[in-house]
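Throughout, numbering of the chain's residues begins at 1 and tracks the sequence.
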Amino acid sequence: MPVYDTARTDGRARHYIDPEAPAHDLLNDATAWLQYARGLTGLLADLVHESDTVDCAQLALSLEAIGALTHMGVQCTAQAHARMCWEQTRAASEHDRVVNGAGIEIQTTK
């Protein structure tokens, strides 16, 4: 499960990802972050349509929040992709190795 940190040093939200989290969990987290961003976008659009006046500062803050949620979803997706590629490469590498009867590892060729 990812660990979240709300401290901000550069003005952006940070999302720390557990190095042990499997790709499946990361993709679930990415889906959740993107659904939050989608929900907030819909809510914001409804408020702007129904409002007579728009507070630009509040609108900008809301748009920054949507950007942060989307960024977190993209981070999770990128990490999941990297882990899936790493696992696929490692599995292919292990498949290409054979140990003979004497316990000596032999690298096979394709």
Side-chain angles (χ1 to χ4, degrees):
M1 180 61 78
V3 178
Y4 305 105
D5 179 14
T6 57
R8 296 164 50 169
T9 58
D10 61 353
R12 297 196 73 164
R14 295 185 294 183
H15 178 225
Y16 293 110
I17 298 172
D18 181 5
E20 301 298 320
H24 179 76
D25 290 348
L26 292 171
L27 290 173
N28 284 340
D29 283 347
T31 300
W33 286 119
L34 295 173
Q35 287 294 341
Y36 294 146
R38 181 176 172 262
L40 185 55
T41 302
L43 176 66
L44 186 60
D46 289 344
L47 290 174
V48 168
H49 284 297
E50 294 175 7
S51 177
D52 293 333
T53 61
V54 175
D55 182 349
C56 291
Q58 290 297 323
L59 180 61
L61 185 62
S62 299
L63 291 172
E64 288 174 7
I66 292 167
L69 293 171
T70 304
H71 180 73
M72 289 181 195
V74 169
Q75 282 183 324
C76 286
T77 303
Q79 284 291 323
H81 182 260
R83 289 178 193 187
M84 289 169 58
C85 289
W86 177 258
E87 288 296 320
Q88 189 176 37
T89 302
R90 187 169 65 184
S93 174
E94 289 175 1
H95 182 270
D96 290 343
R97 295 177 191 212
V98 177
V99 177
N100 69 10
I104 300 172
E105 187 177 288
I106 302 170
Q107 185 77 23
T108 60
T109 58
K110 292 183 180 181

Taking all non-hydrogen atoms of both residues, which atom of [X] and which atom of [Y] are closest, and how far apart?
X	Y	result
T70	A37	OG1-CB, 3.6 Å
W33	C76	CD1-SG, 4.0 Å
S62	L40	O-CD2, 4.2 Å

Approximate separation, where rounding is to 0.5 Å, of [X] [atom1] and [Y] [atom2]:
X	Y	atom1	atom2	answer
H71	I66	NE2	CD1	15.5 Å
R83	R90	CZ	CZ	11.5 Å
L63	L44	CG	CG	5.5 Å
L59	S51	CG	OG	10.0 Å
R38	T31	CZ	OG1	12.0 Å
I17	Q75	CD1	CD	5.5 Å

Decide whether Y36 and L61 are clustered together by the hydrophobic rule: side chain heavy atoms of Ile, Leu, Val, Met, Phe, Trp, Tyr closer than 4.5 Å, transitively.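 No; L61 is not reachable from Y36 via cluster members.
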Between L34 and L69, does a side-chain contact (heavy atoms from CB on, under 4.5 Å) hold up when you go through it step by step? CA-CA 7 Å; L34 295 173; L69 293 171; over 6 Å; no
